[in-house]
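Keep in mind it's a predicted model, so treat the numbers as computed, not measured.
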Amino acid sequence: MHTHTIFVISDGTGITAETFGTAIMAQFDTKPRIVRVPFVDSVDKVHQAIRQINHVASVESKKPIVFTTLVNQEFLELIETTCKGKVFDMFGTFVRPLELELGQKSLHRVGRFADISESKEYLERMEAINYTLAHDDGQTNTDLTGADVILVGVSRSGKTPTSLYLAMQFGLKVANYPLIPEDFDRKQLPPALVPFRSKLFGLTIDPARLSSIRNERRPDSKYASLQNCRYEVAEAESMMRRSGIEWLSSTTKSIEEIATTILQEVLPQHLGH
């Protein structure tokens, strides 16, 4: 059971506010239920959001927490004066003090994605996502020269979600390659990867955790057996050591932590983006 309900009210997607709010709530011993209410861009939608908040306040007998990034001051005041939640105006907390510090008014744009189809950065990000999807799980080894980073590791060690996160958040073209029994028999990297050693980064994982993940996909198979998982992980780590590839374990790390480590090791220039 959740211990608190968190509303994220935004005139855009609300993704940024949700990410920030989740990070803040992670500092407390609570299990929040997140309710994201995006595209609140009319008075009717504001009132709908207020009804949702007040209903939860009544049912749970405690104030919901409300994170909002509403730009429209009229909408914000309605939320603050009418809802029965504890409201945190994230726009006001950060943007208004910055207006004073910088000596200029903010653009007060509604939503992050206005006219984004014309943005060079957005188009490059879409291209990166397409590239990453095409080069997922060793599907193709064509155009690896175009990759910003190539992830290697045993199957189900976290390569695909990490690849997509790097593509979506940083606009990086990422290929990922599973190490397979043939690679372990040869005790060498897949031949297609050898010319791109400087782009390689390895992921490993605790064998017991790997066995649990694989059993969800192929129960009671050799592929998922603990003995096989121990063998594959040991062989993969030995191969990465011999090849001089930087690597880390994904067992207890979030995708964000893994991605940041990869950027530090392979593409430190992207940490400033």
Side-chain angles (χ1 to χ4, degrees), residues 121-207 209-219 221-225 228-229 231-240 242-251 253-263 265-267 270:
E121 181 183 338
Y122 178 78
L123 295 175
E124 288 175 350
R125 184 148 46 104
M126 292 301 99
E127 185 181 342
I129 292 169
N130 287 332
Y131 178 96
T132 300
L133 288 170
H135 291 78
D136 180 45
D137 211 24
Q139 290 181 77
T140 177
N141 57 15
T142 60
D143 191 28
L144 289 181
T145 54
D148 293 302
V149 63
I150 302 170
L151 301 183
V152 295
V154 298
S155 171
R156 311 298 285 178
S157 58
K159 298 183 303 302
T160 294
T162 302
S163 297
L164 288 172
Y165 180 83
L166 286 167
M168 294 177 71
Q169 293 295 318
F170 298 97
L172 297 177
K173 294 179 179 178
V174 186
N176 78 70
Y177 260 70
L179 298 174
I180 58 177
E182 287 85 343
D183 301 319
F184 303 141
D185 291 342
R186 289 184 292 104
K187 298 192 179 297
Q188 292 180 343
L189 289 170
L193 302 185
V194 173
F196 307 101
R197 197 180 302 264
S198 64
K199 297 181 178 184
L200 299 181
F201 192 92
L203 293 183
T204 188
I205 188 171
D206 177 75
R209 174 64 178 149
L210 179 62
S211 176
S212 174
I213 293 170
R214 287 183 173 183
N215 264 301
E216 293 176 7
R217 190 178 186 186
R218 296 186 200 167
S221 62
K222 179 186 176 183
Y223 166 78
S225 71
N228 182 61
C229 290
Y231 166 76
E232 287 195 16
V233 168
E235 288 294 318
E237 290 181 0
S238 294
M239 183 185 298
M240 288 188 278
R242 288 195 304 271
S243 302
I245 298 171
E246 294 286 342
W247 53 278
L248 61 76
S249 173
S250 64
T251 309
K253 294 190 181 300
S254 67
I255 291 174
E256 292 86 351
E257 289 175 303
I258 296 168
T260 300
T261 302
I262 291 169
L263 292 176
E265 297 294 338
V266 184
L267 295 160
H270 282 272

Intermediate values then yes/no, side-chain contact (heavy atoms from CB on, under 4.5 Å), L151 and T160:
CA-CA 9 Å; L151 301 183; T160 294; over 6 Å; no
Give a yes or no answer on whether the side chain of N130 reaches the backbone of E127 with a donor-acceptor pair at less than 3.5 Å.
no
Within a reach of under 6.0 Å around NZ of K199, are more than 12 heavy atoms found that belong to other residues, nucleotides or ligands?
yes
With heavy-atom distances below 4.5 Å as the criterion, would you say the side chains of V154 and F184 are in contact?
yes
Assess whether atom CE of M126 is packed by more than 12 heavy atoms of other residues, nucleotides or ligands within 6.0 Å.
yes
Test item: S211 side-chain N/O and P207 main-chain N/O as donor-acceptor pair under 3.5 Å
no
Looking at side-chain heavy atoms only, is the closest gap between H135 and T140 below 4.5 Å?
yes
Does the K159 side chain pair with the main chain of A175, one donor and one acceptor, at a distance under 3.5 Å?
no
Could you check R156 against E232 for salt bridge (Lys or Arg N to Asp or Glu O under 4.0 Å), going step by step and ending with a plain yes or no?
CA-CA 11 Å; R156 311 298 285 178; E232 287 195 16; over 6 Å; no
Is it the case that the side chain of T204 and the backbone of S250 share a donor-acceptor pair, with hydrogens and angles ignored and the cut-off at 3.5 Å?
no
Mind checking the CD1-CD1 spacing from I205 to I213? Nearest 0.5 Å is all I need.
4.0 Å
Yes or no on side-chain contact (heavy atoms from CB on, under 4.5 Å) for T145 and D143, after CA distance, side-chain angles and deciding distance?
CA-CA 5 Å; T145 54; D143 191 28; 3.6 Å; yes
Check: R217 side chain, A224 main-chain N or O, donor-acceptor pair, under 3.5 Å
no
Would you call E246 and V266 a side-chain contact if the rule is heavy atoms closer than 4.5 Å?
no
Working to the nearest 0.5 angstrom, can you tell me the gap between F201 CZ and L263 CG?
10.0 Å
Gap between atom CG of N215 and atom SG of C229 - 0.5 Å precision:
7.5 Å
Could you state the interatomic distance from OG (S155) to OH (Y177), rounded to the nearest 0.5 Å?
15.0 Å
How far apart are the C-alpha atoms of L164 and V174, what are their side-chain angles, what is the distance that settles it, and do they pass the side-chain contact (heavy atoms from CB on, under 4.5 Å) test?
CA-CA 8 Å; L164 288 172; V174 186; over 6 Å; no
Verdict with reasoning, L248 to L203, per side-chain contact (heavy atoms from CB on, under 4.5 Å)
CA-CA 5 Å; L248 61 76; L203 293 183; 3.9 Å; yes
Measuring from atom CG of N176 to atom OG1 of T162, what distance do you get when rounded to the nearest 0.5 angstrom?
9.0 Å
Does E265 have more than 12 heavy atoms from other residues, nucleotides or ligands lying within 6.0 Å of its CD?
yes
Please tabulate, for the side chains in residues 187-197, all donor-acceptor contacts under 3.5 angstrom to protein atoms that are two or more places apart in sequence or on a different chain.
residue	atom	partner	partner atom	Å
K187	NZ	E235	OE1	3.2
R197	NH1	S243	O	3.2

When rounded to the nearest 0.5 Å, the distance separating NZ of K173 from CD of E124 is 8.5 Å
